[in-house]
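Report on the structure given below.
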Amino acid sequence: MKALVIVESPTKAKTIKKFLPKGYSVDSSMGHIRDLPANAKEIPAKYKKEKWANIGINIDKDFEPLYVISADKKKVVDKLKKQLSDVDELILATDEDREGEGISWHLLEVLKPKMPVKRMVFHEITEDAIKKALLNFREIDMNLVNAQETRRIMDRLAGYTISPLLWKKLAPGLSAGRVQSVAVEVLVQRERERMRFVTSSYWDILAQLNKSGDKVSFKSELARVNDTRIATGKDFSSETGLLDTKSKVLLLNEKEAQELVETLKSAKWSVQAIEKTNQKRSPAPPFITSTLQQEANRKYGFSAKETMQVAQKLYENGYITYMRTDSTNLSQQAIEAARNAVVSIYGKDYLFHTVRSYNKKAKGAQEAHEAIRPAGNQFKTPQETGLSGKEFKLYDLIWKRTMATQMADALLNFTNAEIVAQNNGTSAMFKSSGKQIVFPGFFRAYVEGSDDPEAALEDQESMLPELFVGDTINAKNIEAKGHETKPPARFTEATLVKALEKEGVGRPSTYASIISTVVDRGYVKKEGNALIPSFMAFAVAGLLEKHFPDLVDTKFTSEMEGKLDEIAAGEHEMLKYLESYFKGEKGLLNQIQIQEAQIDPAEARKIVLPIRDLEGLQVLVGKFGPYVQTTDLAETASTSLPIDLYPGDVTQAKLKELLQDSKDGPSSLGKDPETGDDIFVLNGRFGPYVQVGLGEDKKVKPKRGSLLKGMKPEDLDLPTALKLLDMPRLVGTHPESGKEIRAGVGRFGPYVVHDGTFASLAAADNVLEVELPRALELLTKAANRKSRGSAPIQELGKYPEEKGDEIQVLTGRFGPYIKWGKLNVKIPKGVEPEAITRQEAIDLIDAKK
DNA sequence: CAGTGAGCGAGCTTCCGCTTGACTT
C-alpha cells in the first residue's frame, strides 16, 4: 500500500517523513494552491466580460468564487498530480485551523483523486503525535471550510469595492481593507494625539541623602509639601497642557523650586515611615509570532520582516519549531527538554516546582501550531548550535525565553521609605525606594526587553541602607530639577503588531506584510524605528472614518470572527451571512452606492489637521502629492509641500514660509564660477536638488544635482552645491590603468566607479569627500570579489549547439547554479557542481523552462 | 527623472492569508 501525505510546508514534509511507515511519501502544497484572481492578468479570458470578473466572485449566483491557480502554483499542482497517479491513498495533513482546512478542500477540488482520501491532523511533529494521528483520521470539516471561504469572500468584497472608491475620490492606486485600514487608522489617531499635545513643564526636587554616620548615600525625590502632593507629568491634560483640576496638587515652577531648595538646605531630616514588601515575578509565556517580533525589535532592532526571515532559516535548518503561530502552548516533549536543561545548567533550585503551562488564548487565535521554541526533545544551547550573527541572536532569544518558562519565579524585596524635612513651618516629604532581588529565578535566563540578563540583574537592584523610623538623615546635595511632559510615542513595527494582535486584526503570517503594505501604498514612512503616517494616510483615514466607519473600527474583525465561529460550528449559514453583509439594507453594496454619490472629491482631498491657528490655510492631497493653499478666494496661492514634510511636522509658520518662498521665488546660493549663472536650491518631485539657473531656455537642459540623504536645503552652502552639480565627481586617476575614478550616487546608494567596476561606499564614507586611496581600496576589494564569484566552475558549451547561449556552472551568493543566457537554475542539493554533465545541465534548464 | 493643482482617456490599480523560491550587483 502506498500513500501520499500532503502538508503545507516542505520543511514539515521532511520532518514528518521520518516518522511515517514505509510506503508513505510526503510532499507540500506551499500554502494555498489557488485563490481568487489577484489582478486583471489572472482573470481567465472566458470570464473577462462578466461584470463581476474583477472581484472574482459571482455576486448574483450565491457568491460563487472564481478560483484560479496562479502561475507559480501550477508547478506545485502538476507535481502533486503526478505523484498521486502512483499511490493508493491520499492523506491531507494540512494545519488544523480555518486556513489549513481550506487548503485541504482546495487540494481535493483541484487534484480530484480517484482513490480514498483521509484527513489527518496533529499539533506537534513528534513520532508519538504522528503515530497517533495515523490512527485517528477524520473527514474534511465542511463547516470550517465554509468559514474560511466566507472570510476570503468578505475580505475581497470590502477591499475590491472600497479601494476603487478611493481611486475615484482621492488618487489611483490607493487601497483599503479590513486589516490595513485599521493599521492606518491606529497610526493616524496616534499622530493626531501627538499634534494636539501641548507640552507642560514642572519642577521637582532631588536629594542625595545619607544616614548619620553612614557613608553610603541614596536618592530621594520630593513627593509632598505640607501634605499637598507635587504635580508630576500625569497631572497634566495632554490636550490643553493645563493641570487636570480633579485632584489638588502643587505645581512648582523653577523659581519656587529653587526657593524650596534653599529652605530645605537648613532643614532637619528624619525617617518618617518604612514599608517593606515582597513580590514575585513570573516569566512571560513562550514566544508566538507577534511577541517574537516585538522582542527581536526591542532587543536587537530587527524589523518584523527581518525577524521572520531569520526565523525561517532557523526553522528550515531544524533549530526551532514553526515560526508562524498564535499558540503559547508547549508540547510535553518541549517542557521536558526545558526542565532537564534548567536543572543541568542552572541547578535544581532554579526549576519551577511544577510544569508551568500557558493556556490563555489570544483574541481570534487559531492555535494550529506549538509556541516558537528550540526544536527537538533535547535543546541545543545557543553555543552548541554553532550559529552566528542574527541567527545566533534570535535562537539565543528563543532558547532563553523557553527555558525561563520552566524556571522558578523571581523573588523581589521592595523597601519604600518616607523621609521628612522640616524647617520654619515647611514640611517636605521625600520618597526613596529600594529594590533587592532575593532570588533571581528565571531572571537568570531571561529579562524581557533586556539584552543581557546578568547585567540586567544588577541594574534592577537599587539598594537602600538599613533605615528605621526616627533615624536622622543628612542631606548631601539638594537640587531642583525641571521636567517637560512628552507626547505619546509614535508606533514602531513592534508596538503596532502588538496593538493589532490585541484586537485580533491580522494573523501571524501577515504581521510583517501589513507593514510593507502600508509603506508601499505611501500611507506610512519608516524613520528609524518609528512609523510616521503621511498626508495621504490622513486623507484616507478621514474619508473612511466619515463614510465607512466600520472598516476602521477594530470591532469589525471581532464581529466577523464571531460570525465565522458560528459558521464553523454549523450554527449559521454562510450564504445568509454573505447576503446580509453585502446586499442587506445596511450592506456594503448599498453603502458603496450611497457614498459614491455623497463623497465630494474636493472635500475628501482636504486634510483635517488637529492644529489650531491654521486659519486661512488648507493642506490638500493632489495629483502630485500634498500641497498647501490659501483659503482666501480672492487671491489664492498654493505650493507643493516638500517630500520630507509629514503631517506631524506641520505648523502654521512652516506653511506660511513655504508659501512665501514660492511667491518670492528661489533665492540664489551664489554664482557658478564657470558660467557666472546663479545657483538655486529647488524642490522637485523626487526631493530637493540644486540647479544652475532657472531653466528659462527650455532647449538647454540645466545642470542639476540631487541633495544627498540627510542634507537640509536651508543649510546648503555654495561649495557643497558645486560638488553636487559635479556628480559623479572625479576622484582621481587609477595609477595602473590611467583611467578616471568617479564617485556618485546610484540606485543602490553612493558608489565609486572605475572602468565599469562599481564599488559601494560604506556608511562612514562621504561621497563628496572620498579620496583616491580609499576609492582604490574599495575598488580592489570589489574586483577581487567579482573574479572569485563569477569564475565559472565549468563551461559546458553552447546550447543549442553553436548558435545558443553558453552554459556555465557558477557559484553565487546562494550556492552553485547553472547560468544559461538570462536563465538561472539552482543546482539541486546532493549534486556536485564540479561533476555535473552537459546533459544533466540541459535537463535542468529544460525542466525550468 | 525635476517645480504643476486643468485637460484626451485604453486598461489598470485594489483585499487577506497560506507558503517558498528567485535574486547570483
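Here is how names work: the chains are called A, B, and so on, in the same order as the sequence lines, proteins then strands, and each is numbered from 1.
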Would you please determine if the base of B/dG5 is stacked by A/Phe624, with stacking meaning a centroid separation under 5.5 angstrom and planes under 30 degrees?
no

Taking 5.5 Å and 30° as the limits, would you call A/Tyr160 and the base of B/dC15 a stacked pair?
no

What is the nucleic acid contact for [X], judged by heavy atoms within less than 4.0 Å: base, sugar-phosphate only, or nothing?
| X | answer |
| --- | --- |
| A/Ala176 | sugar-phosphate |
| A/Gln148 | nothing |
| A/Arg521 | sugar-phosphate |
| A/Asp72 | nothing |
| A/Ile514 | nothing |
| A/Gly100 | nothing |
| A/Ser706 | base |
| A/Arg178 | sugar-phosphate |
| A/Gly56 | nothing |
| A/Gly31 | base |
| A/Gln691 | base |
| A/Ala40 | sugar-phosphate |

Under a 4.0 Å N-O cut-off, is there an ion pair linking A/Arg156 with A/Asp35?
no

With the threshold set at 4.0 Å, does a side-chain nitrogen-carboxylate oxygen contact exist between A/Lys313 and A/Glu316?
no

If you define the side chain from C-beta out and look only at heavy atoms, does anything of [X] sit under 4.5 Å from [Y]?
| X | Y | value |
| --- | --- | --- |
| A/Thr94 | A/His106 | no |
| A/Tyr67 | A/His32 | no |
| A/Arg521 | A/Met536 | no |
| A/Arg34 | A/Glu109 | yes |
| A/Ile103 | A/Asp95 | no |

Per [X] side chain, nearest of listed nucleotides [options]:
| X | options | value |
| --- | --- | --- |
| A/Glu8 | B/dC18, B/dG5, B/dT13 | B/dC18 |
| A/Tyr322 | B/dC16, B/dC15, B/dC18 | B/dC18 |
| A/Pro10 | B/dT20, B/dG5, B/dT13 | B/dT20 |
| A/Asn39 | B/dG17, B/dC18, B/dT14 | B/dT14 |
| A/Lys73 | B/dT19, B/dG5, B/dC16 | B/dT19 |

For atom [atom1] of [X] and atom [atom2] of [N], their distance in whole Å:
| X | N | atom1 | atom2 | value |
| --- | --- | --- | --- | --- |
| A/Arg34 | B/dC16 | CZ | P | 22 Å |
| A/Leu174 | B/dC15 | CG | C1' | 14 Å |
| A/Leu620 | B/dA6 | CG | C1' | 15 Å |
| A/Lys48 | B/dG11 | NZ | P | 11 Å |
| A/Tyr67 | B/dC18 | OH | C1' | 13 Å |
| A/His369 | B/dC18 | NE2 | C1' | 9 Å |
| A/His32 | B/dC18 | NE2 | P | 7 Å |
| A/Ile57 | B/dC16 | CD1 | C1' | 12 Å |

Output yes when at least one side-chain N/O atom of [X] is less than 4.0 Å from OP1 or OP2 of [N], else no.
| X | N | answer |
| --- | --- | --- |
| A/Arg507 | B/dC16 | no |
| A/Ser175 | B/dC15 | yes |
| A/Ser509 | B/dC18 | yes |
| A/Gln180 | B/dC16 | yes |

I'd like to know if A/Asn54 reaches the base of B/dT14 with its side chain, counting only an N/O donor and acceptor under 3.5 Å.
yes

Donor-acceptor pair (no angle test) under 3.5 Å: A/Arg156 side chain, B/dC16 base
no

Which of parallel (below 30°), tilted (30 to 60°) and perpendicular (above 60°) describes A/Tyr47 and A/Trp52?
tilted

Does A/Arg98 qualify as a cation-pi partner of A/Trp105, given the criterion of NZ or CZ under 6.0 Å from the six-membered ring centre and within 45 degrees of its axis?
no

Can you tell me, in whole Å, how much space there is between the P of B/dG5 and that of B/dC1?
23 Å

Please give the distance between the P atoms of B/dG17 and B/dG21 as a whole number of Å.
23 Å

Both A/Met323 and A/Pro172 contact DNA chain B. Which one's nearest nucleotide lies toward the 5' end?
A/Pro172

Find the runs of at least 3 consecutive base pairs, i with j, i+1 with j-1 and so on, that include DNA chain B, using Watson-Crick or G-U wobble geometry with both distances under 3.5 Å.
none

Output for pair (A/Phe63 CZ, A/Ile57 CD1), nearest 0.5 Å, gives 8.0 Å

